[in-house]
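Any value given below was found using the heavy atoms of this structure, including those in side chains, with hydrogens, waters and symmetry copies removed. Below, chains carry the letters A, B, ... as their sequence lines are ordered, and counting in each starts from 1. Please read these numbers as outputs of a predicted model, since none were measured by experiment.
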There are 2 protein chains.
Amino acid sequence: MSDKREQLQAIATQAIQKDGVRSVSFRTLADAVGVKSASVHYHFPTKSDLTHAVVSAYTATFVARLEALERKHRTLSGKLNAFTRIFDEVLADDDLCLCGMMAAELTSLDAATQHALKKFFDEAEAWLERTIDVHADELTAPLPGKHLAKVLMSGLEGAVLLDRVAGGDNRLRAMRALVKAVLA
Amino acid sequence: MSDKREQLQAIATQAIQKDGVRSVSFRTLADAVGVKSASVHYHFPTKSDLTHAVVSAYTATFVARLEALERKHRTLSGKLNAFTRIFDEVLADDDLCLCGMMAAELTSLDAATQHALKKFFDEAEAWLERTIDVHADELTAPLPGKHLAKVLMSGLEGAVLLDRVAGGDNRLRAMRALVKAVLA
DNA sequence: GTCTATATACAGATAGAC
DNA sequence: GTCTATCTGTATATAGAC
């Protein structure tokens, strides 16, 4: 069954968001689903296979969520607040964004996973830029959409990273204040 | 000699900024300075001793740099640009901020190192907030200094993290544009 | 698909000689 | 302060039985 494969992938994703790729082993993963480590290698021959699958799936889910969010909200305010809320949920579980975590571990990732990681950030920022540009009339920011998109993405990734250290959500709240400040 | 200790600490700092705490071993560290791993344990009995020393020294250097920067520049514009330049230098070496990297590895750090890490971010943001508030007349941002300080720190940490994945410095440039945009 | 068993490598840490 | 030697644990990965 590829049910096991998906189960392993889900558990790996959670563990990486909390502790990083390096702390996820074939053994801990096997224990979590009640098999032996050799069985995990059946589903994911190497660790690179696992990290690549995890990043790709995370990106697909993230993009799907942005598309849903796009349909649900009509204003820029609504869309940006919903975007920010994704990071609130991540932090609430004391996690990092999967890709923010793996960005820190960049040098230990294989080329394919690194490429998939770059794609995640590019797609997120492309969505933000598109969204901002469509609603340019709602903006007061003296900042091009291209720049604002990158500021928001970097800021949110950094905010979750720093807030997890400090406890609480002071940085994320500052980011919400920024979003509010750039809206008309 | 504590010359060796400082040498080990410097090499550990560089290695952590590039690859993270987990990739720095007593063996690789020993090889880099031409001793055996047991000798590294003489200077830093446990890995926690090493990480704590590294974060504390990094924070002290960072704060000293902020104080120097404070004396050198008179305008908010000058001070914030100089602050941003610190992150440019980090990225230019394909490194992360030591504390940004270790923030990702939070769950694997001992309590003392975690506390020292929190202190780094608090001190950096406190400096920013103080600096912004002193020059409130140079600001156009409809954002309190407390929030702007956190946005800048989160944004810069995130920008270096994401830019290293992508290559180039697009996110850091967007942050520079933000700084320019909030100045009168 | 999952298992046992194993190969190989490397991690942090310590004992005790020099 | 540094060394050799070693303990113990864990990592990724593979071979081959079931």
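By the 30° and 60° cut-offs, the orientation of the rings of A/Phe62 relative to A/Tyr58 is parallel.
Regarding contacts with the backbone of D/dT2, a side-chain N or O of B/Lys4 is found under 4.0 angstrom from either OP1 or OP2. A sub-4.0 Å separation between OP1 or OP2 of D/dT2 and a side-chain N or O of B/Tyr42 is absent. For D/dG1, the OP1/OP2 oxygens have no side-chain nitrogen or oxygen of B/Ser39 closer than 4.0 Å.
Note on residues 150-160 of chain B: pairs passing salt bridge (charged side-chain N to carboxylate O under 4.0 Å, His left out), not counting sequence neighbours, are B/Glu125-B/Lys150. Residue pairs that meet the salt bridge (charged side-chain N to carboxylate O under 4.0 Å, His left out) test with at least one member in residues 87-103 of chain A, sequence neighbours left out, are A/Lys18-A/Asp95, A/Arg65-A/Glu89, A/Asp88-A/Arg176.
Taking atom CG on B/Leu29 and atom C1' on C/dC10, their separation rounds to 15 Å, with Å as the unit. Taking atom NZ of B/Lys36 as the reference point, atom P of C/dA11 lies 14 Å away to the nearest angstrom. Rounded to whole Å, the distance from CG on B/Asp31 to P on C/dA9 is 16 Å. Between the CD atom of A/Glu6 and the P atom of C/dG1 there is a distance of 11 Å, rounded to whole Å.
Salt bridge present: A/Lys119 and A/Glu123 bring a charged side-chain N and a carboxylate O closer than 4.0 Å. With respect to A/Arg27 and A/Asp31, no salt bridge is recorded, no charged nitrogen being found less than 4.0 Å from a carboxylate O.
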List the steps and the verdict of side chain to side chain contact (heavy atoms under 4.5 Å, CB included) for A/Ser56 and A/Phe120.
CA-CA 8 Å; A/Ser56 298; A/Phe120 171 82; over 6 Å; no
Per-nt protein contacts along nucleotides 11-18 of chain D (heavy atom under 4.0 Å; B base, S backbone sugar-phosphate only, - none) come out as BBBB----
